[in-house]
Structure formats: structure tokens, C-alpha cells
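Lettering follows sequence order; numbering is per chain, from 1.
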4 protein chains.
Amino acid sequence: MNPDGDRLPRRRDEARALFRNAILDAAEAVFAERGFHGARIQDIAERARIAVGTVYNHFEQKDDVLSALLEERTEGLLAQLRARAGDPKGFEARLETRMKRLFAYVEQHRAFLAIASEQGLFAGAAAPGARVTPRNAQQIEAFRRELRSIVDEGLASGDIEGLDAEDLARFLGGTMRAFVLSSLAQREAATASPQALATVDLFLHGAARRRRRAR
Amino acid sequence: MNPDGDRLPRRRDEARALFRNAILDAAEAVFAERGFHGARIQDIAERARIAVGTVYNHFEQKDDVLSALLEERTEGLLAQLRARAGDPKGFEARLETRMKRLFAYVEQHRAFLAIASEQGLFAGAAAPGARVTPRNAQQIEAFRRELRSIVDEGLASGDIEGLDAEDLARFLGGTMRAFVLSSLAQREAATASPQALATVDLFLHGAARRRRRAR
Amino acid sequence: MNPDGDRLPRRRDEARALFRNAILDAAEAVFAERGFHGARIQDIAERARIAVGTVYNHFEQKDDVLSALLEERTEGLLAQLRARAGDPKGFEARLETRMKRLFAYVEQHRAFLAIASEQGLFAGAAAPGARVTPRNAQQIEAFRRELRSIVDEGLASGDIEGLDAEDLARFLGGTMRAFVLSSLAQREAATASPQALATVDLFLHGAARRRRRAR
Amino acid sequence: MNPDGDRLPRRRDEARALFRNAILDAAEAVFAERGFHGARIQDIAERARIAVGTVYNHFEQKDDVLSALLEERTEGLLAQLRARAGDPKGFEARLETRMKRLFAYVEQHRAFLAIASEQGLFAGAAAPGARVTPRNAQQIEAFRRELRSIVDEGLASGDIEGLDAEDLARFLGGTMRAFVLSSLAQREAATASPQALATVDLFLHGAARRRRRAR
DNA sequence: CATGAATGAGTCTTCATTCAT
DNA sequence: GATGAATGAAGACTCATTCAT
């Protein structure tokens, strides 16, 4: 093994990754501020403190910057929603845990959600004129499947019921979305916990609960 | 009263309205297909079978075409949501009636909702780079207020309960949105009724209802 | 003779002339304010309180409005410069009389001179991009000839001298122009007489006169 | 001192200046041929053998090309008019020297003067619809001041006399202008000297000189 | 590989001119 | 003959992309 042979390429790769991340971070900010069409490559380059040409050394075209960004952040969001080793076992507690993680991520990436919304990422269908790639579509589908699997868990355990699992998954998504947006609408980042709890509570019991436990 | 004196101006106004509507209809289709930025004035003009310059005889700039469209359609949507004279009195039946109207309108204006979504009209906040005017913002606010007033009715009658009326209004909006999107996701227009019922049912009772009425 | 047969056509012609003049007056004001290219037919029509189409019933194209205007006003200016029956006989007094008339006309048509200047009418050559027609060129030439004939009169009477009559004509034109502009530069219209006298005096005696009559 | 550190920036600046000058030269020719409005950015770019976009890398808008051109050339013209170290001392000889320089410059930049004339640069006031910037206005004012200072010199030395120095300055300007235009009116560039001499002679002695030195 | 100026296709917008009423 | 809306050619300007340094 030649350590030098390894080290140099590695350094080179690290440098590449540094640039790539700087560009994506800059793009996140600029896309969120001005939208995809309003953002110029020049703006992104300036924010990343590099030259325009450098952006093109890392991405073939403007579209690719967007889709790479969506890819990376959507994956992050999805990771929060997935069940983890230490998660509680009971359905409601488990759901709360996952929601808290998701809302915390949302707080960390407010800019991303503005972009995702413009691109119709969580609209269940791409927005008109959106730049969604097949890869992005896969991730959205993965997101949808994750919601569906949560619903399926609940149906299996008897914690929830309903005729159409797809409808329930959509309902969960819509409820989440309502509180995600309420969270974004507040100027300042805040604790995500209350939104997570409200989401779970309303998803499970709706607005018309009578004589049920106080929360 | 001189009927002749009336006729000419009236005809002229009718002609103006005809053009205006033709432009808005064309714009609705084109914006929905390609997004605001992807749509060229020329595309809209061609679709309306008029000349480019004619568009500018009716709207100062491209932005104004969009905001007039949003204005007109949002008003239409809002009109469905508002209570009407013959509506039932009981909270749930009343809500169902309003939802059915709204979902029917949605079926009639699928293209509009794609645009509205791109512009963040129902995101609770304008999308980045969106072309929302103060007038549009007022309508969104009116929409929000309408949801809120529905919730207030329910709280007053005791049909629903909860600590935060704002949260409930958002929840209602999110639930609606989930089924609106599910409705749009289907390629073909369909009867809106099931979505309206699902919306009301889940809004009221959530996913976890036990021992409650059969559907 | 059928007086009716005469009267109607005459009335019709008078009406035509009325429109034509209204258009030219409006054009004079608008061209002077915004320049030829900056002036829209619409602006001229509005100022004349008529419809756009009406302008085209009287002039084939925009260029024609300008050249008709230049023609009419240049002819007016030229008329002031020409000798008249009652004019004095002595060279200097005669020149003063003509200059006074000319400067008085200038005061009455300040707007026109701004346009003439833009079009290079008194530049001795058309300005680049100018809309000068052959007819206008003839009038400019007539203007030049008139100056030349004044010089020739003076040379013949021995009141002025010089090797080149063309040079003297140009000199007279330049001197006039200097005081015409000084007259226009003042915001308010004023008596033209002093400029006329200064023009004649300096044209005849230059700046270096010694031991000559006080004025 | 590191010559290398200097060279690159210097080269870059030189390249910038090269483009800028090429654009201004092209613009001078095109504006002179077709006037400001008749000149398309594309024409200028083609004449400079560059792309349209490149023009916009050097000037924000079309207007700026014009005003930069006027600025640069007016400064050049003014430089000829200013007194220089080696100039003669006597008033008349000194004035002749300055006039010769000025007429020589005029011969070199015939196109510019056509533009200046269209813009009213030497009209004492901006032409209607002209694109004159405050900077241009300053230069015109500087030009006027220079003429005035020449007159003041002459008044002080007793070489010229008159009640109003402003009038004399205008008279000098008008006389100059007459011969500048006569110079431009000739198709071919020629020696400027005769015009300079005629200007000085007529300015000083007018057309009516009797019994004075032969020239 | 970073740089940033050059490139030119693409679009909005204006406005002279036409023509049905 | 007056009207004024419809027409569409023309041109300024933008910005993604390229490429010589």
C-alpha cells in the first residue's frame, strides 16, 4: 500500500467535496430568496465566494445544482422520518418521536422547504415548470412510502383504523404539512416540539374529540 | 333612457371582457403547463388566438396577467367556501356542503391549483420568487379567515374542541389540501364528493376513532 | 354659379384644415418636449384631443407630420427674413429690421426651434438620423440663399467687405444663431429687439472695434 | 517590486480599455450614421466585431454608451481650446493658435460633431429627447466658461471691447460654429487653418471693416 | 482546476400602422 | 371621416454557458 497514492486523491476528493458543499449551501440560500428562475449562477457563485466558472466545474448546468440540492436535503428529511433503533415501541409515542425529529430538521433547513415548496416537492406532484429529476421523484415516492408504512404500522397494531390506507397516509402528510408551514411562517426558528405533538394529536383524534383525555 | 346610448358602450365593454377572459384562460393553461417563468407571452397570445400586442392592451405586464388570474380564481375558490343561504344548519352537514362545493370547483380548475401551488398561494406564505401582489395577499388572508370562522363556529356549537383555534384552522386547511392534491394527482377529473367526505370525517374524528359510527 | 356647390366643399376643406392645424400644433409641442423618437403618435393625438386613427387620415406616416411641421414653420421663419415693401433702404437699418422680425418670430415659436435644432435644420447639414425631406432641404437652401443675398446686397453697396461671400453668409448665420439660442436659453419669452441689435452690431463690426460710435 | 504581480492586472486593464475604446469608436460611427435612436446595439457590436452581450459588459445601457462617448470627445475638444504652455502671448495670435487646434480636432472627429449636434451639445441647451447626463452638462458648461475666459482675456488686454462679456462669448461661439459646420459640410476632410483664420478675423473685425490692414 | 469576460439565443415590451365599426 | 383596439415587427437587455488564461 502506498499511503501517498491514497492521500493525494483523498485530499483532492475532500477539496472537491468542499467546493460542492459551498455551492450547495450558497444555492440553498439564493434559491430560497429569489426562487429558481430568479437566482443567477452569478449570485450563487458570489455567495460561495468563487467564480462562475467554478460552479460549472462541479455541476453541468443550473438545473443540476437544484436537483443535487433537493436530493441531498430530501434525503436528510427522509432520514428523520425513518424509524431508528432506539425509538419507542408504542404507536403514538413512536410517531411522536419521529415527528419531533422531522420538525427539528425543518427548523434547521427552513430555506430548503421554501424551495421544495416552489418545486412542488411535497405537493404530491411536481409543480408546473419544476425541475424535478427522476432521482427526486424517487425520493418523493420514498417519502410517500414512509408515510404509508407508518399508517400500515398503526393499522396493524389497531391504533388507527380506516378504509383506505392511502387516504390515511395523505391525511398524515397534510396534517404534518399544516404544522410545518405554521412553523415556517413564524419569522424565528423555535422549538419544534409543540408542532410535533399537535400533529400527532390531531392526526389521531381529530378536532371533534369529546370526553377524552386532556393533553 | 336612450337604449342606443347604452348599447355601444356596453358592446365595447363586453368585447373587452371577452378578450380579457380569453387571455386569462389561455394564461391559466400555459402557466400550468410551464410555470410562470417558462410561459412566454407569445404562448399565451397564441393560445388565445390573438396578437402579442393585444395582451399588452389588457395587461400592463406579464406579472399582471398572473396576478389577475390568481385574483379571479382565488375569489372563485373562496366563494365556494363561504356559507350560503340554503346551507344546512348542523355543523358537520354544513361543513360537508361547503367542502363538496370547494372540491367541485377544484375539479373545474385543476390548472389553477397547480399555479397557485407554484406561487405558494396555499402555503401560508408566498413562495420564493413568487409574483404575489398585495391584493393576492389579502385574498389568501381572507381564505385563512374563512377557515378560522368555520372553526370558530364549531367551537361555539361545541362540535369541535381544542386549545388553539389557529391550530385547528391550519389543521382543517392541511386536511383539505391533502385531499385536494390527491384529487389533482389523479389524471382524470372525477367526482369530488368522496374527497369532501373524507376531509370532513378525518378532520373531525382523526385516524384513531374506535367504536364510532360506520362509514 | 351654384353657391351651395361651392359652400359645402369649402366647409369640408375648412374642417380638414382645422384638423391638420390641430395636429401640427400638438406635434410641435410634443416633438419639442420629447424629441421626434420619443414622441408617440398617441401623444400627439391626445394633445390634439382626437383619435390616433384621425392623425392617419391627415398624414400618411409619422415622418410626414414632422416634415409638414418643419415645412410650415420654416416657411414662416423665412418669411420674416425676406425683405418687405416698407423696409428701410440703408443696409444696416434694413438688416436690423429683418433681424427684429426674425427674432420676434423665434420668440413666438420657441418649440419649433428646439425641433429644428434636433433635426439639424440650421446646422447647414441634416443631423444624423434626421427626417428631412427633399422639400425641407429646399427650404434650408432657400434660407441659406436669403442670407447670401443679404450679404450680396451689403457687398454691392459697399457696407461690408470680404473675400468670400459664402463665408460671410455663414458668419451672419452663426451670429444670428448665437443670439437665437441665447434667446431660447432664457426660460421666459422676452423682447427680441436687443438680440437683433447685438447680432447686427457684432456682425458688422466684430468684437475689436476701436474708437467707434457708442451704442 | 514584483513585475509579475503587476503584469496580469495591467494586461487585464489594458484588455478592458481596448474593448471599451473599440465600442466607443464603433458607436461614434454608427450614431453619426443613423442617429442615437436609429442605431441598434447590434450595429455597434457588429462594427466593433464583438457580441451584443459584450457591449453590456462595458456599459450598463445604450444611453451610457452615448454619454461616455460624448464625455470622452467633448473633453478632447475642450483640451484643444485651452491655452497651452507654448502658446503665443498676443491676444490675436493666441486666439488663432487655439482655433487652429480646435479646427484640427474637428477634422479628426467629424462624426462626433454630428452626434454632438443632434444632442444639442453646442446648442447652449440640450436638444429635446437628448440623452445628456449631468457630467455632459458640466462639460458644456466648461466649454462655455472657456469661451468666456478667452473673451475676458481680450477685454482685459483691451484687444476687444463691448458691454456684455456673455454676449461676446456667445458671439465667439457662434462664429466658431459657423466655420466648424462649413468645415463639416465639405465631404472631405481638409486643412483646418483657413477656417480658424476666418473665425478669428470675423470675430475681431466683423464684416464691415473699412480701411484696415490687408490680410 | 479556478477564473471571469465573451458570447448570443431568448423574451419582454413598445409603438407605428391598420381596419372594422 | 372619426374612432380606438388589434396587430406584429423590432430592439433593448438578461443570463446560462463557454473557454482562453
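- Residues satisfying the salt bridge (Lys or Arg N to Asp or Glu O under 4.0 Å) criterion with D:D25, sequence neighbours excluded, are D:R73.
- With sequence neighbours excluded, no residue satisfies salt bridge (Lys or Arg N to Asp or Glu O under 4.0 Å) with B:D64.
- D:F36 pairs by the ring pair (Phe, Tyr, Trp, His ring centres under 6.0 Å) definition with D:F31, not counting sequence neighbours.
- Between C:R47 and C:E33, at least one side-chain N (NZ, or NE/NH1/NH2) sits under 4.0 Å from a carboxylate O, which counts as a salt bridge.
- With sequence neighbours left out, B:E46 forms a salt bridge (Lys or Arg N to Asp or Glu O under 4.0 Å) with no residue at all.
- Both C:F19 and B:T54 lie near DNA chain F, and the one whose nearest nucleotide falls closer to the 5' end is C:F19.
- The stretch residues 26-51 of chain D comes close to DNA chain F through D:A39, D:R40, D:I41, each having a heavy atom under 4.0 Å from the strand.
- Residues meeting the salt bridge (Lys or Arg N to Asp or Glu O under 4.0 Å) test with D:R40, sequence neighbours left out: D:D43.
- In this structure A:E71 satisfies the side chain to side chain donor-acceptor pair (under 3.5 Å) test together with A:R135, sequence neighbours excluded.
- B:A68 pairs by the side chain to side chain contact (heavy atoms under 4.5 Å, CB included) definition with B:R20, B:L24, B:F59, not counting sequence neighbours.
- Atom CZ in D:R131 sits roughly 12 Å away from atom C1' in F:dA12 (whole-Å rounding).
- For the contact set between residues 56-67 of chain C and DNA chain F, defined by any heavy atom under 4.0 Å, the members are C:N57, C:H58.
- A search for ring pair (Phe, Tyr, Trp, His ring centres under 6.0 Å) contacts involving D:F19 returns D:H58, not counting sequence neighbours.
- In this view, A:N57 satisfies the side chain to side chain donor-acceptor pair (under 3.5 Å) rule with no residue, not counting sequence neighbours.
- Distances shown here put every side-chain N or O of B:R16 at or beyond 4.0 Å from the OP1 or OP2 atom of F:dG4.
- Heavy-atom nearest nucleotides on DNA chain E were determined for D:V55 and for C:V52, and the one closer to the 5' end corresponds to D:V55.
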Paired and unpaired positions of DNA chain F as dot-bracket, Watson-Crick or G-U wobble under 3.5 Å, | denoting a partner strand = .||||||||||||||||||||
